[in-house]
Every structure is written in structure tokens, then in C-alpha cells.
Amino acid sequence: MSERRYDPKKIEPRWQAVWADERTWEVANEGLGADADGHVLRVGLGSAEANGADRRDDASSYVLEMLPYPSGEPHIGHLKVYSVGDAIAHYHRRLGRRVLHPMGYDSFGLPAENHAIKTGVHPRVSTDASIASFQTQFRSWGISIDWSRELATHEPSYYRWTQWIFLQLLDAGLAYRKEAAVKWCPKDQTVLANEQVTAEGACERCGATVEVRQLEQWFLRITDYAERLLNDLASIDWPEHVKTMQRNWIGRSEGAEVTFRCEDLGIDYPVFTTRPDTLFGATFFVMAPEHPDVLRIVAGTDREQEVRDYVSRAITESGEERSNVEKPKTGVALGRTVVNPVNGLEIPMYVADYVLMEYGTGAIMAVPGHDARDHAFARAYGLPIKRVIEGAPEDGGDDNGLPYLGEGPLIDSDDRFDGLHNREALAAIVAWLQSEGKGHASVNYRLRDWLISRQRYWGCPIPVVYCEQCGAVAVPERDLPVELPDIEDYAPQGRSPLAAAEDWVNTSCPECGGPARRETDTMDTFVDSSWYFLRYCDAANDSAAWDPAALHEWMPVDQYIGGVEHAILHLMYARFLTKALADLGQLEVQEPFRALFTQGMVTKDGAKMSKSRGNVVSPAAIVERYGADTARCYILFIGPPDQDADWSDEGMEGVHRFLGRLWRLAMEVAEEEEEGDATTSGPESLELLRKAHWAIDKVSGDLRRFAFNTAIAAVMELINDCSRLREQAGPDSRRFALTTAASLLFPFAPHLGAEVYERLTGLRVWEQPWPVAEEEMLEQDTYELVCQVNGKLRDRVPASSQAGPDELKELCRAAPNVRAHVDGKQIVKEIVVPGKLVNLVVR
RNA sequence: GCCCGGGUGGACAAACUGGCAAAGUCGGCGGACUUAAAAUCCGCAGCUCGAACGAGCUUACGGGUUCGACUCCCGUCCCGGGCACCA
């Protein structure tokens, strides 16, 4: 009788032990099409097409959730992403595919280091402890992971190959060093990527106001790939809004590069403009405060002090102030001029903080007649404003209706171009510039190169040494990994913590053998996580990052799943690295993730869960109390998984009750003697069988579109019918219905699904093919015909599925409540939707 | 300001392709079982009027297209996320 009670504590460990002992979810590489020597496969540089020509058919599938950052214990967001991914993995397996579903940890990073600074505990110790907790919980959730491929990015066996990849990029000219104005967090004493600075100019992590510093840094040339990163979005099955975000981030704009010459200094200054058609309206020239030439231009002149003051003020100004559009335009004249190449006019040079060093060339031609910012600046400094395109005055413009941002014919420009529509003039002017050698058509991107240097301890060491004789020298491959040394003090005191490890830093030059010092910066952890999906394919390989045959077998990832917060950075970096490695002949695909699903956040009481709010729901506590199947089903049932969802304890209890109902009904059937089909032919038996087939059809469709919430609801309906028809339906039909329910629920509640399925059939559900609904069981002989008059529902009558349009019209006209609304009126139109409704239009 | 989402009963939601608005779940109410409670099972339920048959209203708001709109188009408001002087 105790069997009648649903007890996840008994069921779940049993199956977890089976899956662990039998290594159920491990898949071996088959080494299809392996290049026997393990040599690199050369592939062309083709872009979008290349992905179509990749491996295999539907025989295998690579299902991957974004790897977790191991900090403390897993949270509800982890429960959600792995519940989604596991459901997909199980579904693919039961469609007959070999599924790769691995797990790893993005284990380098700031929180562990900050923890170390505070407590002195080595980051490795706290990270390993956290990983152990993730492992335990993932097993207790019953996630179907191939543990043989487990990896952690902080292990030398992994980061050795991160370093190897860096060397490949360095060799190919895709990694380079440059001094650049970088964002500096005075509290963390470290450089921040632009993306780590909030809109208010504060450090994303600690909130301190960000400053600017000049440092020599390593960059990766992601901008070389801007065009392909943009174009290849067309070849992947990603949510449209994620693609849009990526497109906007890349920020392609077409225009021209035009050279303005400073005769005094004999220097040419190129500018990028999207509006070469307005060149004749350029009345001044502005440089960004960070522009390296600004101070040179004024050196030794009477402008020098004023410019110096302005530049240092602008550079140290917080991002918040500087990025405020409402702020009045400020700037300082440089006391020199440049020549406008189209009309020979000498126009004054300024420095102003509204011009950005990171975009274009760090200098602009200013056209106050046709650009709002230039207009505001010209008004503030009394500079001439010239109209060169005719058009109606703009709202909010000055007395002359300027700035005018619309289109129209050119005026006051040049005989050759006046009168041309500005779009034609644009092309004509660019062509002329080109022929004169003063400019050319050009494309500019908002995307910037990827700064990967971090003055941090807990990261992957950059495998480079600096030799007095030879300069920066790559560490030879045979000397990898460059292992992270242990140190005493993790706090970055204006230099990398690694600089303190003197024994480690001092080394010899691999080229000349002379004294050399190691690079003490570590890599951005986004580098670690930009290739882990490749490593999974051949995780145990210790003679190479991977065997190309392994990548051939599994890449690209068929379904990638993760939070939308990674829509830009992580996904862009991973795409970039994939393309770069493909160009280097290391892999065959151009895109790492064929399909992407982004899941929404889980909130509690409408707010993001956080310790400070005290609204954190712990997965471990939930699993302990209700079992993993309840937790997993509830997180999927709560709503569409791509949307944010609010956690409710009561809602979860409802799901738990549902699983208990399924359990009890199944145990009842299991205890019955198996009998013949004497009682299965009754109408209720047939009804239940039909419902089961309906559920198969519904759940299958819902799984294909990630609608786990409605899939689970469909199984609930099936169980409700099992319960309702418990007395009337025959044992065979009930057995079929409950077996089906267990089978359909297995991807969401694997333990319960396996247990019930086994008790009812003696078989292992994951070895059974996904059920297929029988067509004839989905078809109904009759249905309720909806009868509308003027689009309003007036009646419902039973109709035969075979009935033709005329018959249906007749049925509708004859329906009692229809007649009440039609009598005395004229039917002007009859709309028939067979299988659904008839609409009579009356007057 | 720009870009991307979203707004449906008391709550979470469903309606996938323009065809019965509200499946399923929570909460609520009523009943069965019980000495009682819990658990479990059965039933009711958008709002208004009505004893009932039914009628009217209802998917943020205002228009439009259509025989028919939660769904498509135009405009407005509100909420969430991202970006922000990008030349």
C-alpha cells in the first residue's frame, strides 16, 4: 500500500544510480571520416554556405546549454536552463539520434578572486568546492550529462589549449598589442572592457566611478570579421531579436573616408562620414580628446595650455557626464586649420568631447547645416552654418530651418553637383574624391576590437614573454601550458597580481635564451568560454585541442540554450573565434551554433532574485522537499520558457500533486492483473485511447517549438481523463494511457517517467522510440459545428466530419438559436470553414 | 531619444497559420470521505442583467482592414530589457 504514495526520495536516487553505473548518457566519438594522421582539414573561406556543407544528417545531435560559472551553489536560473536543455536532449535521443550533451564550468573569473582577496582562500579551492556542489546537484536533478567529457576552464589541461588558440591567433596576426586609452576601475585596480562599464560610467562589478588610463594591451581583431559576423547571421536559426541585437552591435554604416589636410603641419587627416553629399557644408573640423595628435598640433602654441586642460578634463570626466546628450557642447579651438578637399576652403580645427575616439577615425568633418550635434556646437561657438540641401524647415530648427536632416537637391555646393538629388550627389562626390585621391567609399563599424588583457590573477595566463633583445616573444607550443603560479596576495595594486610571483615572471627568452619577463596579464574569461563547445567534442585529447575528425562529427552545436543576457558578447565572441579558427584550417564550420534558444529570467514576487532582497529560492531545498521531477516540471510549466517567469511555491505544489496523481493511477493499473481486451472496446475506453493519441500529437508538436508549458498541460489533461474514466475505461486502455503519459513526461520528469514506464511495461523508457500518434485515432467522426450569425456565436450543432459545405450551411440554418436570429432577415452571405464553423451574414 | 520584448479572468497562463477567448495550474466557493483535520476525490466559476433559456459586454486604450481580429495595419499609453553624442 505504501507503493500508492508518490515518493521521489525512493524513485529518484534509484534511477540516478542506474544512469551513473551504466554511463547511460555517454557517447563515444565514432571517428567518421577521420583524417588518419589527425592533420588539419583545409577548408575554403566561404562564409554562409560553409555551414550547409557540414557533417552528417539527423543521426546525431549536439545539445548544449551555456556552461555555468561556478560560484556558490546552482540557482534557479541553472535549474531552468538545464531543465530545458535536458528535455531537448531526451527528445532528440528518442527520435533515434546519438546525442552529445556535455557539461563543464567557466571557472576562471572575478568573484572567486574577490573572495580570495577578502578571505585569503585560494580561488582554486573555492572554485573546486563550488564545482563539487554543481556536480552533486546536477546529478540530483537527474540531468542526462555525458560526464566523460566534463571540463573546467581553470584546469591546465583546458587552458593549455586556450593558450594554444591565442598563439594561433598571434601567428595569424589576429592578436596584437597596442597602447590604448582604457577604462580603469580605481577600486578593483583593473582595466574594464567598455561592456563592463555601466551607462553611468561606473564599474559593472563594484560600482566605483571609472577612470581612464593608457596601457599596453592585447587585442583580438574581431573587427576584421565584422562583415562576416553580420552576413552570416542570415545562415543561422536564432531568435530574430537576438540577431537584431547583434546587427546593431556590429553597427555597419556606409559612407566615405575623406581626407582633410592640415597644411601647417603637413598631415592628412582622414574622417569617416555617412554624408559625403554634405561635404560642401563642412565649416569646421573636430577631433576627439583622446586623439593622439591633439596635443601635438598645439604643442608650442598659445593654445597649448587651454587644450591640455580641456583634454584632461574630458578624459577624466565620468561616462555619465560625457554621454549626456543634453549637455551643452563644449570644445576648444586648436588654432589651426584643415582644407576641405572639395572646395579648398580652410576650416578651423577644434577638439570636443562629443567626438569619440573609438568610432571612425577619431575626427569628424562638422556640417552644422545638416547634423544636429554639429549645429549645436556651431551655435555655441559662433561658427558659420551653411545649407547645402534644399528642403522644408525642420521642427525645432533655427531661423533658417536648420539643421535639415531630410533629403533634397543640392544647393550652394558646386556647379557639377548643384541640383542633383542628394543621394545621386553622394555617389558623384565620392567618385570625384576617389579620382582625385582625396577619399573613397568606405564602410565603418561600431564594433571594436576585443581587448582581452586583464590585470587579474584568476585567469588564463597569456603565453608571451618579453625579452630585451627580441621584444614580445610567443611561448613555444611545447612549453604550454604556462601554468598559473601560486601567489600570496591576490589584490591588484596597480599591476597584475602575477607580477608578484618573481620566480615565475623571470624566465629566459625562447628565441635568444637571454633574460626575459613573462606577460603578467591574464585573459578575459570570455576567451575561455568562446571555444569550450569545441573541446567537448574531444575533451580528453592531450596531444591537441581537438582531433578535426571529432569536430567533424559533432559541430556545429544543433541546439544552444542560454540566457538572453549573453545575446551579444558571449555569442559574438564565440562566433568570431569559430570563424577565425575555421580560417586557420582548424575546423570546418563557420557558425558554432546552428540554432539558439534564449530562456527568460526567473523572478520571485516580480523582482530578480538576490540575497539582498531575501527572495532567493534555492533549488537544493526544493529538490530536497519535493524531488527533482517536481522542480523540473514546475520550472517548465510556469510559462513559456523564453519569457521571464515569477516563481510561486503554490504553483509548484500543484505540479507535485499532478505527479502524485499520475503515480497513484499508474500503480493502480500496475497492480491489476493483465487481462485481455474484453473491456477495451467500450466508448469510454476508446475515448481514453483517443485522448492518449491526442496527447502524443500535442506534446510532440509542443516540444518542437519549446512550448514545454503546454506540453505538460496536455499530459495533465490526459491524467485528468484517466482519473475521470477510471471506472468506465477498460484496463488495457488505462494501461496504454498511463504508459503514454509516463513516456511523454519523461523528458521533463525523467525519474518518474522511467519508474512508471518500467512498472507498466518492464522496459526502459529512454530506450524506446518517441511515440507516434495513430492518424485514425486523431480523427473524429463528428465535431461541434460552430454556428455564427454576423460573426457572433449563436449555436453549436453536431456535424459529421464527412459533411460538405452545403450540408453544413443547412445544419447551421436549422440550428434553433440561429433561426431566432435569422428569421425575418435576409441572408446575404454564407461563410463555411469545414471542420470549424459556418457564419451567416444577414441584413 | 533609438532598438528589442511585453500588456488576456482574483494570479500564472492557453488560443501555433485571421475562425468557439480563457485549455491547464494556482487561489476561491460548494460537496463527498472523516468523530474532526490533513490528504484524496467530485462539482462550480470572466464581468453585468436574469430563476432559467438567454442577452449584452470583455484580450492596455483609440481607430482601421475583414463575413470574422488576442492575432494584421495606423496612432496613443504603460511595464521590462538593451544601447546611447556612432559622424
Side-chain angles (χ1 to χ4, degrees), chain A residues 4-5 195 199 239-245 247-249 251 253 255 271-275 278 286 319 322-327 329 352-356 358-367 370-374 376-377 444-447 564-565 567-568 600-601 603 606 634 637-640 642-655 657-658 660-661 664 698 701-702 704-705 707 709-717 719-720 723-724 726 784-796 816-817 820 828-833 835-842:
Chain A
R4 288 290 180 88
R5 212 184 109 242
E195 300 83 28
E240 208 44 52
H241 69 273
V242 174
K243 290 190 189 183
T244 303
M245 283 193 263
R247 282 190 196 104
N248 293 345
W249 189 260
S253 48
V271 303
F272 174 77
T273 177
T274 53
R275 296 295 305 276
T278 63
V286 191
R322 191 165 162 189
S323 68
N324 183 354
V325 188
E326 302 300 317
K327 195 187 72 155
K329 294 281 177 284
D353 64 5
Y354 79 94
V355 174
L356 308 175
E358 313 84 69
Y359 189 77
T361 62
I364 62 156
M365 66 172 203
V367 184
H370 302 280
D371 181 278
R373 295 153 299 173
D374 297 344
F377 190 86
N444 200 50
Y445 301 92
R446 207 192 73 113
L447 185 71
V564 73
E565 65 272 18
I568 295 178
M601 211 171 43
T603 58
Y634 174 62
F637 179 68
I638 191 170
D642 56 323
Q643 306 282 10
D644 290 351
D646 204 58
W647 181 275
S648 130
D649 290 338
E650 295 77 25
M652 188 181 50
E653 303 226 16
V655 169
R657 277 199 285 271
F658 153 66
R661 246 151 87 87
R664 279 190 305 278
K698 172 79 176 147
D702 285 351
R704 270 178 250 124
R705 60 188 184 102
N709 53 334
T710 51
I712 291 168
V715 181
M716 285 175 173
E717 283 194 54
I719 291 305
N720 287 346
S723 178
R724 185 171 58 85
R726 201 160 57 112
E784 278 207 324
L785 180 71
V786 167
C787 304
Q788 296 182 332
V789 178
N790 286 347
K792 279 194 173 24
L793 174 72
R794 291 305 176 190
D795 216 335
R796 284 179 254 248
N817 206 37
V828 293
K829 202 168 178 183
E830 293 171 315
I831 312 279
V832 181
V833 183
K836 288 232 160 74
L837 58 78
V838 174
N839 184 17
L840 305 180
V841 185
V842 301

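Just so it is clear: chains get the letters A, B, ... in the order the sequence lines come, proteins before strands, and each one is counted from 1. Note that this is a predicted model, so its numbers are computed, not measured.
The backbone N or O of A:Asn817 sits less than 3.5 Å from a side-chain atom of A:Asp795, completing a donor-acceptor pair. In this structure a side-chain-to-backbone donor-acceptor pair under 3.5 Å is missing from A:Asn709 to A:Ile638. Using modelled atom types, no side-chain atom of A:Tyr634 and backbone atom of A:Asp649 make a donor-acceptor pair closer than 3.5 Å.
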Next on the checklist: Walk me through whether A:Val367 and A:Thr273 qualify under side chain to side chain contact (heavy atoms under 4.5 Å, CB included).
Outcome noted: CA-CA 10 Å; A:Val367 184; A:Thr273 177; over 6 Å; no

Checklist entry - Can you list the steps and then say if A:Tyr354 with A:Ile364 is a side chain to side chain contact (heavy atoms under 4.5 Å, CB included)? => result CA-CA 10 Å; A:Tyr354 79 94; A:Ile364 62 156; 3.9 Å; yes

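As a whole-Å value, the separation of A:Asp702 CG from B:A23 P is 17 Å. Rounded to whole angstrom, the span from the CD atom of A:Glu717 across to the P atom of B:A22 amounts to 13 Å. Atom P of nucleotide B:C53 and atom CG of A:Asp795 are separated by 13 Å, given to the nearest angstrom. Straight-line distance from the CG atom of A:Leu837 to the C1' atom of B:A21: 14 Å, rounded to whole Å. Computed from coordinates, the A:Glu653 CD to B:C12 P distance equals 19 Å when rounded to whole Å. Counting to the nearest Å, the C1' atom of B:U40 and the CZ atom of A:Arg661 are 10 Å from each other. A:Phe637 has its CZ atom 8 Å from the C1' atom of B:A13, to the nearest Å. For the pair A:Asn709 CG and B:C26 C1', the computed distance is 15 Å after rounding to whole Å.
More than 12 heavy atoms of other residues, nucleotides or ligands sit less than 6.0 Å from atom CZ of A:Arg247. Applying the 6.0 Å contact sphere to NZ of A:Lys836 captures no more than 12 heavy atoms from other residues, nucleotides or ligands.
Taking CD1 of A:Ile719 as the start and CD1 of A:Ile712 as the end, the distance is 13.0 Å to the nearest 0.5 Å.
A donor-acceptor contact closer than 3.5 angstrom is absent between the side chains of A:Arg446 and A:Asn248.
Comparing the P positions of B:G62 and B:U71 gives an interatomic distance of 13 Å, to the nearest angstrom. When the C1' atom is compared between B:G68 and B:U17, the two are found 16 Å apart, to the nearest whole Å. Separating the C1' atom of B:C70 from that of B:A13 is a span of 13 Å, rounded to the nearest Å. Remark: the separation of the P atoms in B:G64 and B:A14 is 30 Å, to the nearest Å. Rounded to whole Å, the separation between the C1' atoms of B:G28 and B:G9 comes to 13 Å. B:U76 and B:A22 have their C1' atoms separated by 27 Å, given to the nearest Å. Comparing B:C41 with B:U34, their C1' atoms are spaced 13 Å from each other, to the whole Å. When the P atom is compared between B:A15 and B:G7, the two are found 12 Å apart, to the nearest whole Å.
A:Ile638 comes within 4.0 angstrom of sugar-phosphate atoms only, judged by non-hydrogen atoms across all strands, and of no base. Residue-level contact check: A:Val833 touches the bases, meaning some heavy atom is under 4.0 Å from a base atom. Heavy atoms of A:Lys243 sit nowhere under 4.0 angstrom from any nucleic acid atom. Note on A:Ser648: nothing from the nucleic acid sits closer than 4.0 angstrom, heavy atoms only. Among the atoms of the strands shown, only primed sugar atoms or phosphate atoms (P, OP1, OP2) are found under 4.0 Å from some heavy atom of A:Arg794. Using a 4.0 Å heavy-atom cutoff across all strands shown, A:Gly654 reaches sugar-phosphate atoms only and no base atom. Using a 4.0 Å heavy-atom distance criterion, A:Asp374 is classed as making no nucleic acid contact.
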Next on the checklist: Can you build the contact string for nucleotides 2-9 of chain B? Use B for base contact, S for sugar-phosphate-only contact, and - for no protein heavy atom under 4.0 Å.
Outcome noted: -SS-S---

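Comparing A:Tyr634 and A:Gly251 by the nucleotide of RNA chain B whose heavy atom lies nearest to each, the residue mapping closer to the 5' end is A:Tyr634. The residue among A:Asn444 and A:Ala713 whose nearest nucleotide of RNA chain B lies closer to the 5′ end is A:Ala713.
Contact between A:Ser253 and A:Tyr359 at its shortest, heavy atoms only, is OG-OH, 2.9 Å.
Of the candidates B:G19, B:U25, B:C86, the closest approach to any side-chain atom of A:Asn839 belongs to B:G19. In this structure, of B:G80, B:G54, B:A87, it is B:G54 that holds the atom nearest to the side chain of A:Asn817. Nearest to the side chain of A:Tyr354, among B:A14, B:C85, B:G19, sits B:C85. Taking the side chain of A:Leu356 as heavy atoms from C-beta on, and the options B:G19, B:A15, B:C85, the nearest nucleotide is B:C85. Distances were taken from every side-chain heavy atom of A:Pro640 (C-beta onward) to each of B:A87, B:C16, B:A13; the shortest belongs to B:A13. Here the side chain of A:Ile831 is nearest to one of B:C57, B:C67, B:C86, namely B:C67. Here the side chain of A:Arg657 is nearest to one of B:A23, B:C26, B:C16, namely B:C26. Nearest nucleotide to the side chain of A:Ser723, out of B:C85, B:C41, B:C67: B:C41.
Put simply, the side chain of A:Met365 reaches to within 4.5 Å of the side chain of A:Thr278, judged on heavy atoms. Counting only heavy atoms from C-beta outward, the side chains of A:Phe377 and A:Asp371 never approach each other to under 4.5 Å. Annotation: side chain of A:Asn790 is in contact with side chain of A:Val841 (closest heavy-atom distance under 4.5 Å).
Close to B:C41, at under 4.0 Å from its OP1 or OP2, lies no side-chain N or O of A:Arg724. Applying the 4.0 Å criterion to OP1 and OP2 of B:C83, one finds that A:Arg446 has every side-chain N and O outside that range. For the pair A:Thr361 and B:A87, the criterion of a side-chain N or O lying under 4.0 Å from OP1 or OP2 is not met. In this structure, A:Arg247 does not reach the B:G82 phosphate: none of its side-chain N or O atoms is under 4.0 Å from OP1 or OP2.
In B:G63 the O4'-C1'-N dihedral to the base is more than 90° from 0, which defines an anti nucleotide.
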Next on the checklist: Reading 5' to 3' and counting Watson-Crick or G-U wobble pairs with both distances under 3.5 Å, write the dot-bracket notation for RNA chain B, | for bases paired outside the strand.
Outcome noted: (((((((..(((......[....))).(((((.......))))).((((....))))..(((((..]....))))))))))))....

